[in-house]
Amino acid sequence: QLQASGGGLVQAGASLRLSCAASGRTFSRYSMGWFRQAPGKEREFVAAINWSGSSTYYGDSVKGRFTISRENTKNTVYLQMNSLKPEDTAVYYCAFGPPYSISYYMEEYDYWGQGTLVTVSS
């Protein structure tokens, strides 16, 4: 299971930290990713982190503003979101990625959480 939390309504320029608690797998073996889906749009890649936390990828629209991290001892992955913009408004999903690797291809993520809504007002 993947349980995402931390979403909410904030003003532009604010920060939020999303958390995703994992269970049911050996968390430390798997890369993890965050994706988002805005109303009327396709789901898009946001960020990914490899199994150890030593490697990260970011989507172009969030580079320099968002930071993905993980705590394997807590089976949790985080997404720190700074300088939020109204265009960041979306449902954010965490997902298990390939083991011992990292990917930004949605097709390589095989288990998804339920999502948490982030709304950024202007």
Side-chain angles (χ1 to χ4, degrees):
Q1 283 188 331
L2 292 170
Q3 183 71 40
S5 61
L9 171 63
V10 296
Q11 290 190 329
S15 298
L16 276 177
R17 188 175 83 154
L18 305 184
S19 299
C20 176
S23 62
R25 288 186 177 181
T26 305
F27 179 76
S28 59
R29 294 180 182 175
Y30 292 88
S31 61
M32 297 296 296
W34 286 96
F35 294 78
R36 68 186 182 186
Q37 188 165 18
K41 295 188 177 181
E42 294 186 350
R43 193 170 296 189
E44 66 170 349
F45 170 75
V46 175
I49 189 167
N50 74 336
W51 62 278
S52 66
S54 63
S55 181
T56 55
Y57 287 166
Y58 294 94
D60 288 342
S61 60
V62 306
K63 280 181 184 175
R65 300 188 298 122
F66 290 11
T67 303
I68 188 171
S69 62
R70 66 189 296 160
E71 285 190 81
N72 286 346
T73 57
K74 294 184 178 181
N75 289 356
T76 301
V77 62
Y78 305 97
L79 185 67
Q80 177 66 43
M81 306 186 295
N82 298 330
S83 302
L84 283 162
K85 304 175 180 180
E87 50 264 43
D88 294 318
T89 295
V91 177
Y92 284 72
Y93 299 90
C94 58
F96 276 108
Y100 300 118
S101 182
I102 187 171
S103 174
Y104 47 74
Y105 293 110
M106 200 178 311
E107 297 76 19
E108 296 192 26
Y109 288 77
D110 67 345
Y111 194 85
W112 297 75
Q114 87 290 355
T116 185
L117 176 63
V118 173
T119 304
V120 184
S121 63
S122 57

Assigning hydrophobic clusters by single linkage (Ile, Leu, Val, Met, Phe, Trp, Tyr; side-chain heavy-atom cutoff under 4.5 Å), is Y104 placed with W112?
yes
Only counting residues at least two apart or in another chain, list the ones meeting side chain to side chain contact (heavy atoms under 4.5 Å, CB included) with Q1.
S23, Y111
Does V120 offer a backbone N or O that forms a donor-acceptor pair with the side chain of T89 under 3.5 Å?
yes
Under the rule for salt bridge (Lys or Arg N to Asp or Glu O under 4.0 Å), what residues qualify as partners of R70, not counting sequence neighbours?
none
Does a donor on one side chain and an acceptor on the other come within less than 3.5 Å for N50 and S31?
no
Answer yes or no on whether R43 is positioned over the face of F35, meaning its NZ or CZ is under 6.0 Å from the six-membered ring centre and within 45° of the axis.
no
Listed by chain and number, what are the side chain to side chain contact (heavy atoms under 4.5 Å, CB included) partners of D110, not counting sequence neighbours?
R25, F96
Under the side-chain hydrogen bond (donor to acceptor under 3.5 Å, both in side chains) test, which residues partner S5, sequence neighbours left out?
none
Contacts of S61 that satisfy side chain to side chain contact (heavy atoms under 4.5 Å, CB included) - sequence neighbours left out
R36, E44
Would you compute the distance between atom CE of M32 and atom CG of L79 and round it to the nearest 0.5 angstrom?
11.5 Å
Over all atoms of both residues, closest heavy-atom pair of T76 and S19
CG2-CB, 4.3 Å
Nearest 0.5 Å, please: how far is OG in S28 from CG in N75?
7.5 Å
Hits for side chain to side chain contact (heavy atoms under 4.5 Å, CB included) against A4, two or more places apart or cross-chain, chain-then-number order -> W34, C94, Q114, T116
Nearest 0.5 Å please: distance from the CD atom of Q80 over to the CG atom of L18.
9.0 Å
Supply the atom-to-atom distance Y58 OH to T67 OG1, rounded to the nearest 0.5 angstrom.
4.5 Å
ILVMFWY network linking Y93 to V118, side-chain heavy atoms under 4.5 angstrom
no
Identify whether Y109 and F66 are in the same connected component of the hydrophobic contact network (ILVMFWY, side-chain heavy atoms under 4.5 Å).
no
Quick check: do K74 and F27 have side-chain heavy atoms less than 4.5 Å from each other?
no
Can you tell me if Y78 uses its side chain to pair, donor with acceptor, with the backbone of E71 under 3.5 Å?
no
Group every Ile, Leu, Val, Met, Phe, Trp and Tyr by side-chain heavy-atom contacts under 4.5 Å, then state whether Y30 and I68 land in the same group.
yes
Provide the closest heavy-atom pair for S122 versus P86 in the form atom of the first, atom of the second, distance.
CB-CG, 3.8 Å
Less than 6.0 Å separating the ring centroids of Y57 and F45?
no
Ion pair check, K85 and D88, cut-off under 4.0 Å
no
Hey, any chance V46 and M106 share a hydrophobic cluster, counting ILVMFWY side chains that come within less than 4.5 Å of each other, even indirectly?
no
Measure across C20 and L2 and return the closest heavy-atom pair with its distance rounded to 0.1 Å.
SG-CD2, 3.8 Å
